[in-house]
Amino acid sequence: MSVPADWPVEEAEALAVQKRLRPLVSATGPAPAVGSLVAGVDVAYDDERGVVAAAAVLLDYGTLEVVDESTAVGPVAFPYLPGLLAFRELPAVLEALAALQHEPDLVVCDGYGLAHPRRLGLASHLGVHTGLRTIGVAKTPFTFTHQAPGPERGAWSPLMDAGEEVGRAVRTRQGVKPVFVSVGHRIGLAEAVETTLALTPSFRLPETTRRADSLCRRALAAAVA
DNA sequence: GCGACAG
DNA sequence: ATCTTGTCGC
């Protein structure tokens, strides 16, 4: 695997790319149809060796059975800088997605979409770059504020940034911390929440994320072995 | 100016 | 992200 030739290598370039892509995000659109294909993507790092491994796992949106999976290993493309996560994760993710045998109807990202300082988080960036429908499901509130959602599964509260609802804190399981859902591309916020709950029958995180997380860790271990 | 900050 | 044992609970 390699990093795209024109990939930003420094912060100012990355900020310029975000500014250019941001107006292209669409925050409306339907949840996937039952029986369509949804993908989960995730990335694991060995920073000491500068190696990154990405995984894409395709599930049936209904049975949640795994239909296909792929991995990609390569050099780390960008340092971790809050607000610029996409530049670190996307090269490997794009390659893993391209290796799937079918194009997903929606991609679930580990992180944020419109909930981002400049409204172009990882999920939105991936969506605009590929044209795919995407959502972001993050595990922590980042810099945003929220009230605790109700205790029952499905309860939610707005995730706020500068007086604007940029996502929702969603309880996917009773007695467990909420996850933070935001629009990536070509989907509405309510539909993104609905999709997240449909992908979360048993655990805190969506099955897509859990499968991709497990697979990219194995791919990394195999790559550095 | 300093700290916090998706993964 | 990653470093990491035992332990509480379904």
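Proteins come first, then strands; the chains are lettered A, B, ... in the order of their sequence lines, and each starts at number 1.
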Student: Between C1' on C:dG9 and CZ on A:F203, what's the gap in Å once rounded to a whole number?
Tutor: 14 Å
Student: Any base atoms under 4.0 Å from A:L90, or only sugar-phosphate, or nothing? Heavy atoms, all strands.
Tutor: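 Result for A:L90 = nothing.
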Student: Are any of A:T140's side-chain N or O atoms less than 4.0 Å away from OP1 or OP2 of B:dG7?
Tutor: yes
Student: Side-chain heavy atoms under 4.5 Å apart, restricted to Ile/Leu/Val/Met/Phe/Trp/Tyr: what other residues fall into the cluster of A:L159, or is it alone?
Tutor: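 Under the 4.5 Å side-chain rule, A:L159 groups with A:Y112, A:F142, A:F144, A:V166, A:F180.
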Student: What stems, by residue range, does DNA chain B take part in, given at least 3 consecutive Watson-Crick or G-U pairs under 3.5 Å?
Tutor: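 Detected stem regions: none for this strand.
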Student: Could you grab the distance from atom CG of A:D60 to atom CG of A:L37, nearest 0.5 Å is fine?
Tutor: 6.5 Å
Student: Between B:dC5 atom C1' and A:L85 atom CG, what is the distance in whole Å?
Tutor: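 One finds 11 Å between C1' of B:dC5 and CG of A:L85, rounded.
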Student: Please determine whether the number of non-hydrogen atoms from other residues, nucleotides or ligands lying under 6.0 Å from atom CZ of A:R153 exceeds 12.
Tutor: yes
Student: List, with names and distances, any nitrogen or oxygen atoms from the protein found under 3.5 Å away from nitrogen or oxygen atoms belonging to nucleotides 1-6 of chain C.
Tutor:
| from | atom 1 | to | atom 2 | distance (Å) |
| --- | --- | --- | --- | --- |
| C:dA1 | OP2 | A:K139 | NZ | 3.1 |

Student: With pairs defined as Watson-Crick or G-U wobble and both distances under 3.5 angstrom, please note down DNA chain C as a dot-bracket string, | for pairing with another strand.
Tutor: ..........
Student: If every non-hydrogen atom of A:T200 is compared with every non-hydrogen atom of A:R204, which pair is closest and at what distance?
Tutor: CG2-O, 3.5 Å
Student: Could you tell me the separation between the CG atom of A:L84 and the P atom of B:dA6, rounded to a whole number of Å?
Tutor: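 Taking CG of A:L84 and P of B:dA6, I get 13 Å after rounding.
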Student: What class does the angle between the rings of A:F87 and A:H125 fall in, given that below 30° is parallel, 30 to 60° is tilted and above 60° is perpendicular?
Tutor: perpendicular
Student: Can you tell me how far C1' of B:dC5 sits from CZ of A:R88, to the nearest Å?
Tutor: 14 Å
Student: Please tabulate, one pair per line, all N/O donor-acceptor pairs under 3.5 Å involving side-chain atoms of residues 70-80 of chain A, not counting sequence neighbours.
Tutor:
| from | atom 1 | to | atom 2 | distance (Å) |
| --- | --- | --- | --- | --- |
| A:S70 | OG | A:A96 | O | 2.5 |

Student: Take the protein atom CZ of A:F78 and the nucleotide atom C1' of B:dG7, then report the distance between them rounded to whole Å.
Tutor: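 Rounding to the nearest Å, CZ of A:F78 and C1' of B:dG7 are 14 Å apart.
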Student: Salt bridge check: are A:E164 and A:R119 linked by an N-O gap of less than 4.0 Å?
Tutor: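 So A:E164 pairs with A:R119 through a salt bridge.
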Student: Less than 3.5 Å apart, any donor N or O on the side chain of A:R210 or A:S214 sitting next to an acceptor on the other?
Tutor: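 Side-chain D/A pair, A:R210 to A:S214: absent.
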Student: For the CG atom of A:L94 and the CD atom of A:E89, what is their distance to the nearest 0.5 Å?
Tutor: 11.0 Å
Student: Taking CZ from A:R119 and P from B:dA6, how many angstroms apart are they, rounded to a whole number?
Tutor: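 Answer to the nearest Å: 16 Å.
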Student: Categorize A:G83 for me: base, sugar-phosphate, or nothing, with a 4.0 angstrom heavy-atom threshold over every strand shown.
Tutor: base
Student: Report the distance from atom CG of A:D161 to atom C1' of B:dA4, rounded to the nearest whole Å.
Tutor: 14 Å
Student: With sequence neighbours excluded, what pairs up with A:D110 under the salt bridge (Lys or Arg N to Asp or Glu O under 4.0 Å) test?
Tutor: A:K139
Student: First locate atom CG of A:L126, then atom OG1 of A:T134, and finally report the distance between them rounded to the nearest 0.5 Å.
Tutor: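 That separation rounds to 6.0 Å.
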Student: How many Å lie between CD on A:Q174 and C1' on C:dC10, as a whole number?
Tutor: 13 Å
